[in-house]
Amino acid sequence: MASTSSNPFAVLFDVDGTLVDSNYLHVHAWAQAFREENIDVESWRIHRSIGMDGSTLVRTLSGNASDAVQQRLKDRHSGLYRESADLIVRLPGARELLHHLAENGVRVVLASSAPEDELAITREVLDSDDAIAAATSSKDVDTAKPDPGIVKVALGRAGVSAGRAVFVGDAVWDGKAATRAGVPFIGVRCGGVADCELEKAGAQGIFDDPRDLLRHLDSSVVGARISEAVHPAK
């Protein structure tokens with residue numbers, strides 16, 4: 001069932017923890033950065049903050065750290081993450097899901113709030129640029145998830161309204177951002193977040209990973225929205 005150009009439909013994807021297995025690399029990089037600044041932050045607290053706007057994450061976890069320390073934390077995290085780039089892999093079914101959607105006329109958008117250099121790394125890992133219609137990055141908004149701004153930018157680049165899109169993500173912050181933008185949210189477990197938390201954040205379906213979503217696509221909200229795009233109600 002292909003979405004028509006006159007009635008387009010888009011699937012917006014978070015990237016880290018949703019399409020590529022990078023969340024725990026982020027946790028490790030943040031943990032080391034905090035240790036180097038002699039700030040005690042447990043890894044579980046960092047993990048629960050992954051997917052949140054980077055500046056908000058640093059501000060929340062560093063307590064009363066000065067602006068200079070917060071900037072050093074962000075810079076050090078970025079450097080450590082880049083050093084671990086060769087450990088990043090696609091999550092099961094990620095490439096296949098993106099191409100399946102694109103081949104069926106769906107506009108695939110990477111609704112990422114990662115910095116441009118980090119997004120470039122993950123796009124290379126995904127090896128799916130021919131299936132991706134557009135992408136966002138941290139430079140597109142002042143404050144990222146859970147603020148809905150990045151979702152709204154992604155909708156604009158897809159050229160669709162909130163009613164013609166679905167957001168797929170692994171984090172509570174993804175769900176909150178999508179819901180605030182009026183976009184249905186699908187959760188995936190591969191980022192390490194519990195079902196109950198994804199459901200509380202508004203998930204209308206939860207799958208193990210992109211491969212699991214692809215296998216059950218027709219029965220998901222994505223399949224329902226594609227059907228609506230092809231056969232709109234009269």
Side-chain angles (χ1 to χ4, degrees), residues 12-85 88 110-122 135-155 167-181 183 185 187-188 190-194 196-198 200-203:
L12 318 178
F13 286 94
D14 173 61
V15 180
D16 285 302
T18 299
L19 297 174
V20 299
D21 196 4
S22 56
N23 277 6
Y24 295 96
L25 298 176
H26 280 295
V27 171
H28 177 74
W30 280 119
Q32 184 168 335
F34 282 116
R35 282 196 297 271
E36 291 177 3
E37 293 291 341
N38 295 311
I39 299 174
D40 294 327
V41 183
E42 302 96 325
S43 291
W44 71 268
R45 295 187 187 278
I46 299 172
H47 180 257
R48 289 178 63 83
S49 301
I50 296 299
M52 180 190 290
D53 173 73
S55 294
T56 304
L57 180 153
V58 171
R59 185 171 59 253
T60 301
L61 297 180
S62 67
N64 295 319
S66 67
D67 290 346
V69 170
Q70 290 188 40
Q71 188 59 55
R72 286 204 303 271
L73 285 166
K74 289 189 286 187
D75 291 344
R76 184 60 173 145
H77 160 265
S78 295
L80 290 165
Y81 178 74
R82 287 194 298 271
E83 290 174 10
S84 66
I88 304 171
L110 302 184
S112 173
S113 55
E116 286 280 345
D117 58 341
E118 293 181 14
L119 182 60
I121 292 170
T122 53
T136 65
S137 70
S138 60
K139 69 179 179 61
D140 293 312
V141 291
D142 292 329
T143 304
K145 305 163 192 171
D147 187 275
I150 205 74
V151 181
K152 293 177 179 179
V153 172
L155 289 171
F167 191 102
V168 180
D170 69 293
V172 167
W173 319 110
D174 296 323
K176 289 183 175 181
T179 300
R180 290 172 182 174
V183 178
F185 171 57
V188 286
C190 42
V193 177
C196 59
E197 293 190 83
L198 293 172
K200 188 175 180 180

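Model, not experiment: these values are computed from the prediction.
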Q: Could you check L198 against F185 for side-chain contact (heavy atoms from CB on, under 4.5 Å), going step by step and ending with a plain yes or no?
A: CA-CA 9 Å; L198 293 172; F185 171 57; 4.2 Å; yes
(Q) Once ring-ring contact (aromatic ring centres under 6.0 Å, His included) is applied, do any residues pair with Y81, and if so which ones, sequence neighbours excluded? (A) H26
Look at the side chain of [X] and the backbone N and O of [Y], then say whether any donor-acceptor pair between them is shorter than 3.5 Å.
X	Y	value
T136	S112	yes
S66	V69	yes
R180	P146	yes
Q70	A65	yes
T18	D170	yes

Q.
Please evaluate residues L19 and T122 with respect to the criterion side-chain contact (heavy atoms from CB on, under 4.5 Å), reporting the C-alpha separation (whole Å), side-chain torsions for both, the decisive distance (0.1 Å), and the verdict.
A. CA-CA 9 Å; L19 297 174; T122 53; over 6 Å; no
Looking only at non-hydrogen atoms, find the nearest pair between [X] and [Y] and report the distance.
X	Y	result
H77	A29	CD2-CB, 3.6 Å
V193	A171	CG2-CA, 4.3 Å
G187	A203	N-CB, 4.0 Å
H47	G191	NE2-O, 3.0 Å
G17	V188	O-CG2, 4.4 Å
S113	S138	O-CB, 3.2 Å

Q) Can you name the residues that form a salt bridge (charged side-chain N to carboxylate O under 4.0 Å, His left out) with D14, not counting sequence neighbours? A) K145
**Q.** For E116, salt bridge (charged side-chain N to carboxylate O under 4.0 Å, His left out) partners two or more places apart
**A.** K139
Q) When you look at D16 and I50, which way does the side-chain contact (heavy atoms from CB on, under 4.5 Å) test go after all the steps? A) CA-CA 9 Å; D16 285 302; I50 296 299; 5.6 Å; no
Could you check whether any side-chain heavy atom of [X] comes within less than 4.5 Å of a side-chain heavy atom of [Y], counting everything from C-beta outward?
X	Y	answer
W30	L57	yes
D147	V141	no
E197	K200	no

Q) In Å and rounded to the nearest 0.5 Å, what is the OG to CD1 distance from S84 to I121? A) 8.0 Å
Q. side-chain contact (heavy atoms from CB on, under 4.5 Å) with L73: which of E37, R59, E36?
A. E37
